[in-house]
Amino acid sequence: MSFLKRTHTCGELSIANASAVVRLNGWVHRVRDQGGVVFIDLRDRYGLTQLVFSEHNPEAAKDATSLRPEDIIAVEGEVARRDEDKRNPKLATGEIEIIVRKVELLTKGKTPPFEVSEYTQAGEDVRMKYRFIDLRRAQMQQNLITRHKLVTIAHEYFNAHNFIEVETPFLTKSTPEGARDFLVPSRLQAGHFYALPQSPQIFKQLLMVSGMDRYFQVVKCFRDEDLRADRQPEFTQFDVEMSFIDEEDVYEVIEGFIARVFKEIKGVELSLPLMRLSYEEAMNKYGKDSPDLRYELFIEDVTELAGKSGFGVFSSAVSEGGVVKGIRVKGAEPWSRKEIDALEVIVKENGAKGLAWFKVRENEIYSPIAKFFSADELKSIVAHFEAEVGDMIFFGAGPWKSTVTSLGALRTAMAKKLELTRKDDYKLLWVTDFPAFEFHEEDGRYYSMHHPFTSPRPEDVSLLDSDPGKVLARAYDLVLNGSEIGGGSIRIHRREVQAKVFDLLGISREEAEERFSFLLGGLEYGAPPHGGIALGVDRIAMLLAGADSLRDVIAFPKTASATCLLSGAPSIVDQKQLDELHLKTK
RNA sequence: GGGGCCGUAGCUCAAUUGGUUAGAGUAUCGGACUGUCGAUCCGAGGGUUGCGGGUUCGAGCCCCGUCGGCCUCGCCA
């Protein structure tokens, strides 16, 4: 069966096409029935075009009155220039309209559960259940198109830079370090399981052992952890690995890529090279290892000044080896007790015991703790923060990490409260010099901060035995507007260093052999110096699209409880399937 | 696993202290209208107040449980 197949899309006709006879296909977006004349906006991925049904063709006009939003139609008609006063500047095609001669109903659709419109207010649950309707909306289509452009640029860029795309397995081996694995039961090997990859880490390193030299892949990764607005259980990475390189080569390649992405998608010229901050600097100044540099709020250190004061909370924090730090906020003096209490809740949720503050007024420092300080002490603290009348200073005191972290959370909250972030501003940076290992009190052992294949800095190798907490890693994160959008490292390429790291992590020879033998074997046969990075495709797409949730740049996302409202996954399965897999459910 | 917010018409929300027949906007359906563009105007239909139990003369509202959505802490090498 044939139909009036389109000659153009709904986004491309203009005055240049005036008086041409064209055919369009698409969805009825809106119907404006004026009685004698009916206007229909016809929609497809490319845009909207106004159709006119009038006495020029009474038969078509009669058909038009029965058309409803979301019907799928084909029309044939003449492109007509609109009179000056009848143009619609909001539409790319607003200078023309189609005088319809023939109309054909291709599919009559059910009335959708919510309007396909930029104005739709449907909740996310309804949108996800009827995702195929939600994805008809221009905003969602734009988001997916932005994502497509990003992926296309990646294929082009890495190809142009001599990278080879290699696919790695999804059915692979569970490596219990790190995130929880998604497991896949084996039918042929009773009681055995595959794991879906948390990342293709080991495989890409083995490709370096194989001499592939430069590897690239757009790849799905899976982590069975709780979700967030910026975390889905399955997500996509640009996975990159290179041989015979050091950190600088990774920075250069990735900066070139990101600059091209911003130029082609946002029209933004990034200035290269990107800024770099060490982990320690980032934590001290911003209280976060992925700081948002779009606003001027900084954490200042007043350990020395405040430690000498008569305020017990400060002096004991310092005598116990901790720190006292603070943030000055311009113009915050009028904030109410209620507003300040809300901020205190935030720092407490992030590990602080409380929130001390000064209000800088004309002739006094107004503060519940002012009485513990001498006039000189108050003056020098205020001077240290360069605080002026009308400002507030917020303080945190205690162990270094929890103090800077809680003030970092405060900094983020205040930027939101004061609306300091500009949406169209993009601040990228590298965060470097991460500690290689973190000590976990509860297990009494060290864990890798990045992963166990991350190379320590050469000058720190000797510290592996004496003071592992001081060892810095050759690891780096790429940060955009307060989000980590990528992370990687230079890897260990010598078996003896790898063995030493496993020792430190409390992984025995046998265990290491059992879990990672395929990598160790590779190292044994000789790996070139190598390293790489993985970039979070979903997060980058989200930031480029200006979306607040990963769900808005994923066609078929999962809910916060990791279900798919559209398909109903996960679901129970037949007993027969379980039997074949040698499984019994509890 | 913990904390918070939410669940009422297809959709988005309202409903005073627990009190009459649960309302509005929008969508849908019918009608009017020859230049609209989120058209407008007139009219109509539309409800298991997520589900189960309890308290009460009486529950959308209070209590217990449960399911679901969102945010978040833990978690995410």
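Just the heavy atoms: all of them, side chains too, but no hydrogens, waters or symmetry mates, feed the values below.
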>> Using side-chain heavy atoms (C-beta onward) and a distance below 4.5 Å, is A:Arg68 in contact with A:Thr111?
In response: no
> If we take the C1' atom in both B:C57 and B:U20, what is their distance in whole Å?
Replying inline: 15 Å
> Starting at the 5' end of RNA chain B and moving along, which residue's nearest nucleotide shows up first, A:His451 or A:Lys558?
Replying inline: A:Lys558
> If you measure from CG on A:Asp134 to CG on A:Leu566, what distance do you get to the nearest 0.5 Å?
Replying inline: 10.5 Å
> Heavy atoms under 4.0 Å, any strand shown: does A:Gly94 hit a base, just sugar-phosphate, or nothing?
Replying inline: nothing
> Who are the side-chain contact (heavy atoms from CB on, under 4.5 Å) partners of A:Asn57, not counting sequence neighbours?
Replying inline: A:Glu59, A:Ala60, A:Arg101
>> Taking only side-chain N and O atoms of A:Lys129, does any of them lie within less than 4.0 angstrom of OP1 or OP2 on B:G68?
In response: no
>> Quick check on B:G69: is either OP1 or OP2 less than 4.0 Å from any side-chain nitrogen or oxygen of A:Thr559?
In response: yes
>> Taking atom types as they are modelled, would you say the side chain of A:Arg223 forms a donor-acceptor pair with the base of B:C76 within the 3.5 Å cutoff?
In response: no
> Within a radius of less than 6.0 Å around CZ of A:Arg81, do more than 12 heavy atoms belonging to other residues, nucleotides or ligands occur?
Replying inline: no
Give every pair of a protein N or O atom and an N or O atom of nucleotides 30-35 of chain B that lie under 3.5 Å apart, one pair per line with the distance.
| unit_1 | atom_1 | unit_2 | atom_2 | d |
| --- | --- | --- | --- | --- |
| B:G30 | OP2 | A:Arg68 | NH2 | 3.3 |
| B:C33 | N3 | A:Asp33 | O | 3.1 |
| B:C33 | N3 | A:Gly35 | N | 3.3 |
| B:C33 | N4 | A:Asp33 | OD1 | 3.4 |
| B:U34 | OP2 | A:Gly36 | N | 3.3 |
| B:U34 | N3 | A:Glu55 | OE1 | 2.6 |
| B:U34 | O4 | A:Glu55 | OE1 | 3.0 |
| B:G35 | N1 | A:Glu97 | OE2 | 3.0 |
| B:G35 | N2 | A:Glu97 | OE1 | 2.4 |
| B:G35 | N2 | A:Glu97 | OE2 | 3.0 |

>> Under a 3.5 Å cut-off for both contacts, is B:C70 paired Watson-Crick or G-U wobble with anything, and if yes, with which nucleotide?
In response: B:G4
>> Give me the distance, rounded to whole Å, that separates B:C67 from B:G31 when you measure between the C1' atoms they each carry.
In response: 44 Å
> Is A:Gln198 close to A:Cys221 at the side-chain level, that is, under 4.5 Å between some pair of heavy atoms?
Replying inline: no
> Across the strands shown, which category fits A:Arg228 at heavy-atom distances under 4.0 angstrom: base, sugar-phosphate, nothing?
Replying inline: base
> Given atom CZ of A:Arg43 and atom C1' of B:G38, what is their separation to the nearest angstrom?
Replying inline: 14 Å
>> Mind checking if A:Pro112 touches a base, just sugar-phosphate, or nothing, with heavy atoms under 4.0 Å?
In response: nothing
> Touch check for A:Arg87, heavy atoms < 4.0 angstrom, all strands: base, sugar-phosphate only, or nothing?
Replying inline: base
> Between B:U36 atom P and A:Leu91 atom CG, what is the distance in whole Å?
Replying inline: 15 Å
> Which residues pass the side-chain hydrogen bond (donor to acceptor under 3.5 Å, both in side chains) test with A:Glu76, sequence neighbours left out?
Replying inline: A:Arg23
> Has A:Thr563 got a side-chain N or O lying under 4.0 Å from the OP1 or OP2 atom of B:G69?
Replying inline: yes
>> Less than 6.0 angstrom from the centroid, inside 45 degrees of the normal: does A:Arg136 satisfy that with respect to the ring of A:Phe132?
In response: no
> With rounding to whole Å, what would you report as the distance between B:G65 and B:A24 at their C1' atoms?
Replying inline: 33 Å
> What nucleic acid atoms does A:Ser561 come within less than 4.0 Å of, heavy atoms only: base, sugar-phosphate, or nothing?
Replying inline: sugar-phosphate
> Does the base of B:C75 carry an N or O that pairs as donor and acceptor with the side chain of A:Arg231 under 3.5 Å?
Replying inline: yes
>> Could you tell me how far apart A:Glu349 (CD) and B:G4 (P) are, to the nearest whole angstrom?
In response: 11 Å
> Expressed as a whole number of Å, how far does the P atom of B:U36 sit from that of B:G47?
Replying inline: 37 Å
>> Between B:G7 and A:Asp125, counting only base atoms on the nucleotide and side-chain atoms on the residue, is there a donor-acceptor pair under 3.5 Å?
In response: no
> Tell me: CE of A:Met449 to C1' of B:C76, nearest whole Å?
Replying inline: 13 Å
> Relative to the 5' end of RNA chain B, which residue comes earlier, A:Arg30 or A:Ala229, by the nucleotide with the nearest heavy atom?
Replying inline: A:Arg30
>> Distance check needed: B:C76 P versus A:Phe182 CZ, whole Å only.
In response: 15 Å
> Please give, in whole Å, the distance from B:C71 P to A:Leu550 CG?
Replying inline: 10 Å
>> If you compare every side-chain N and O of A:Arg32 against the phosphate oxygens of B:U36 (OP1, OP2), does one of them come in below 4.0 Å?
In response: no
>> side chain to side chain donor-acceptor pair (under 3.5 Å), that's the test. Do A:Asp292 and A:Tyr286 meet it? Break it down for me.
In response: CA-CA 8 Å; A:Asp292 191 335; A:Tyr286 306 100; over 6 Å; no
> Taking NE2 from A:His440 and P from B:G74, how many angstroms apart are they, rounded to a whole number?
Replying inline: 12 Å
>> What is the distance, to the nearest angstrom, from the CG atom on A:Asp289 to the P atom on B:C76?
In response: 14 Å
> Would A:Gln217 and A:Thr168 count as a side chain to side chain donor-acceptor pair (under 3.5 Å) if you check the C-alpha gap in whole Å, the side-chain angles of each, and the deciding distance to 0.1 Å?
Replying inline: CA-CA 9 Å; A:Gln217 186 179 191; A:Thr168 51; 3.1 Å; yes
>> Please report the distance separating the C1' of B:U34 from the corresponding atom of B:C70, rounded so that it comes out in whole Å.
In response: 48 Å
